[in-house]
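Working notes, beginning with the structure itself.
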Amino acid sequence: MPTSRASAEPPLAISTDVLTKKFSGGQIAVNQVSLRVPVGSVFGFLGPNGSGKTTTIRMLLGLVFATSGDIAVLGEPIPGRGGAALSAVGALVEGPAFHPYLSGQANLRRLDAADLTSSARDSRARVATALERVGLTAAAGKRYRNYSLGMRQRLGIAAALLRPRRLLILDEPTNGLDPQGTREVRHLVAELAADGTTVFVSSHLLSEVEHMCSHVGVMRTGSMVWQGSMRDLGSQQRVRVTVESLDSPLAKSVLADLGLSEITESDGQASAVLGDRPPEQVVAALVAAGVGVRGFSVAKPKLEDIFVQLTGEGFDVSG
Amino acid sequence: MSVAEPLTKPVLAVGGRFLLSEIGMQLRRRRNQLILAVLAAVPVIIGIAVKLTTHDGAGATGGLIGNITNNGIFVAFTALIVVIPIFLPMAVAVVAGETVAGEASLGTLRYLLAVPVGRTRLLLTKFAAMGFWCLLITSVVALAGVIIGVILFPSAHVTLLSGTQATLLGGVGRLVGMVLYAALMMLAVAAIGLFISTLTEVPIAAMAATLTVAIVMQVLVAVPQLHAIHPWLISDHLLNLADLLRDPLRVSGLRDGALLAVGYVVVFGSLAWARFTTKDVTS
């Protein structure tokens with residue numbers, strides 16, 4: 001255990017050190033990634049398709065073996081000792097997968113039976129609780145093959161919640177869910193996080209991540225390009241002020257005098273990146289210069305804009 | 001597997017619940033029920049066919065089939081000898097090929113491993129469930145044979161191939177021996193199937209490959225020029241189970257077959273383990 005470092009850093013639910021995965025084809029899927037997921041955080045794991053998110057998640061669960069680098073999940077090395085740490089980890093990886101000819105309930109019973117650390121006595125109750133938690137009680141006895149996409153996703157989440165977990169790894173948890181289901185998942189995550197469960201979630205829905213997460217990590221072509229708390233991410237990014245005025249050229253020159261950057265001006269609007277200047281100073285300067293201010297707005301960039309800046313390519317597949 | 005200080009439970013605990021769940025899945029599978037039904041039909045067909053073609057008093061023609069009319073238990077002996085070269089290896093190949101590849105193709109393998117089920121434990125459990133299956137299919141044939149035999153034919157003393165007689169109890173004992181021997185030979189096929197199943201994510205491919213191996217062995221045994229390799233082929237030892245019908249018992253053939261089967265289990269079990277514990281699961 002790295003006790004020397006633990007004093008400087010908050011305890012980590014997941015940490016990887018220069019984790020690299022090179023597939024036998026020579027393709028480097030994950031390149032020197034050092035993840036730091038603090039205990040108790042809701043960590044959004046972002047990146048375009050093919051950026052190495054899923055391979056990273058697979059390595060965290062001991063499914064894929066790292067070419068080099070170390071992994072610790074809940075303080076235990078992965079893979080190692082039969083993955084003792086993993087019994088405290090619930091996971092949803094690349095969509096749900098169950099036996100089609102078994103009912104949802106039978107599928108969960110099977111996963112529960114496979115767990116050496118869970119007792120046989122309250123297996124039935126555990127499964128019922130998990131099904132109820134995701135709203136599947138009514139469909140418990142139905143064969144999995146007759147489940148809709150959303151029901152399958154719910155069953156996958158139920159499997160992840162079969163036992164009290166200290167860490168949840170959810171890969172695209174809202175995939176295939178209707179808006180109602182999406183909201184329920186968000187609630188569930190918030191509820192679990194409030195109980196102290198660390199949630200590591202990868203999602204394509206940036207607005208989801210923006211709502212749910214306290215931390216984010218952004219992957220691009222196998223490398224981690226940014227990670228940290230959402231607060232740090234916001235403050236690091238460029239906040240834009242926009243002035244609405246009939247005399248927008250004058251407003252533009254005021255913004256320029258204040259030393260703001262990236263000034264744009266168009267019909268009745270002038271806008272610039274704020275930097276570390278407080279916005280009220282800008283308003284005061286505008287008024288002092290006699291600009292008739294009709295509207296003034298401070299826009300924090302959306303996560304989506306930041307994401308595009310960081311990955312440079314939005315949601316296209318990385319080569 | 002490093003034996004460290006016990007963390008929560010013993011490192012080597014296999015977990016009976018998981019094994020029971022595996023066996024339950026096996027039994028609930030429609031396809032497997034069909035296999036069992038077909039296997040059970042074999043002694044029934046043999047029994048009825050012999051009953052219809054022999055007239056009272058004309059029996060006792062000797063040989064295995066002729067003995068049936070003298071004693072019903074011989075239906076079970078005959079049925080086992082009929083199914084062991086092809087039917088039983090087929091029934092094993094279908095189920096063994098699916099063990100790991102089936103879970104991989106469904107994607108359930110990643111969730112089992114994430115439970116976590118250690119890879120060694122997963123293989124051991126799958127193999128133990130295969131052991132149950134091997135015993136089940138051979139027992140079904142024997143049991144169906146005994147039942148139909150008792151219904152259609154007399155069941156007093158058992159005339160063995162060597163001409164001497166054994167008591168009914170002795171006959172049943174020999175039948176149990178045949179079932180165990182057949183199951184052990186099938187376990188060797190299952191080990192091959194388990195290994196092949198770790199190589200692919202396509203269960204059908206694993207089933208076909210396992211069955212192909214079983215059939216190729218049969219073909220090789222049929223080629224006398226390949227005499228030198230015959231002792232190393234499972235199929236060369238399958239019919240040794242008829243030795244259990246001789247008096248006095250000839251154990252040398254049974255012993256050779258059993259040793260070979262254990263050898264196959266060790267070799268292919270190790271290969272499966274070596275492959276599966278180092279493989280990236282990307283399905």
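Chain letters run A, B, ... following the sequence lines, proteins first and then strands; every chain starts at 1. Computed from a predicted model, the values in this text were never measured in an experiment. The analysis underlying the following values was restricted to heavy atoms, covering all of them including side chains, and did not include hydrogens, waters or symmetry mates.
Using a 4.5 Å cut-off between heavy atoms, A:Leu162 makes no contact with chain B at all. Heavy-atom distances place both the backbone and the side chain of A:Arg110 under 4.5 Å from chain B. With a 4.5 Å cut-off on non-hydrogen atoms, A:Asn107 does not touch chain B at all. Neither the backbone nor the side chain of A:Ala160 comes within contact range of chain B, judged by heavy atoms closer than 4.5 Å.
Under a 4.0 Å N-O distance rule, the pair B:Asp280/A:Lys21 qualifies as a salt bridge.
Of all heavy-atom pairs spanning B:Arg119 and A:Leu63, the tightest one is NH2-O, 2.9 Å. Between A:Asp115 and B:Arg17, the closest heavy-atom pair is O-NH2, 4.2 Å.
Atom NZ of B:Lys279 has more than 12 heavy atoms from other residues, nucleotides or ligands within 6.0 Å. Heavy-atom neighbours of B:Gln33 CD from other residues, nucleotides or ligands within 6.0 Å: above the threshold of 12. Environment of CZ in B:Phe87: sparse, with no more than 12 heavy atoms of neighbouring residues, nucleotides or ligands closer than 6.0 Å. Other residues, nucleotides and ligands place more than 12 heavy atoms under 6.0 Å from the CG atom of B:Leu27. Environment of CZ in A:Arg166: sparse, with no more than 12 heavy atoms of neighbouring residues, nucleotides or ligands closer than 6.0 Å.
Separating the OH atom in A:Tyr101 from the CE atom in B:Met25 is a distance of 4.0 Å, to the nearest 0.5 Å. In this structure, B:Arg121 CZ and A:Leu116 CG are separated by 3.5 Å, a value rounded to the nearest 0.5 Å. Taken to the nearest 0.5 Å, the CD atom of A:Glu94 stands 9.0 Å off from the OG atom of B:Ser283.
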Enumerate donor-acceptor pairs with a distance under 3.5 Å from any side-chain N or O in residues 140-150 of chain A to protein atoms, sequence neighbours excluded.
| unit_1 | atom_1 | unit_2 | atom_2 | d |
| --- | --- | --- | --- | --- |
| A:Tyr147 | OH | A:Ala139 | O | 2.6 |
| A:Ser148 | OG | A:Met151 | N | 3.3 |

Requested in this report: Show the numbers, then the answer: is there a side chain to side chain contact (heavy atoms under 4.5 Å, CB included) between A:Leu86 and B:Val115?
Outcome: CA-CA 7 Å; A:Leu86 290 180; B:Val115 159; over 6 Å; no
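Of residues 179-202 of chain B, not one residue has a non-hydrogen atom less than 4.5 Å from any non-hydrogen atom of chain A. Listed by sequence position, the residues of residues 37-44 of chain A in contact with chain B number zero, using a 4.5 angstrom heavy-atom cutoff. Within residues 95-114 of chain B, the residues having any heavy atom less than 4.5 Å from a heavy atom of chain A are, in residue-number order, B:Glu103, B:Leu106, B:Gly107, B:Thr108, B:Arg110, B:Tyr111, B:Leu112, B:Leu113, B:Ala114.
Contact count against chain B (heavy-atom pairs under 4.5 Å) is highest for A:Leu92 among A:Val89, A:Leu92, A:Thr54, A:Thr55. The greatest number of non-hydrogen atom pairs below 4.5 Å with chain B, out of A:Ile169, A:Leu61, A:Leu111, is found for A:Leu111.
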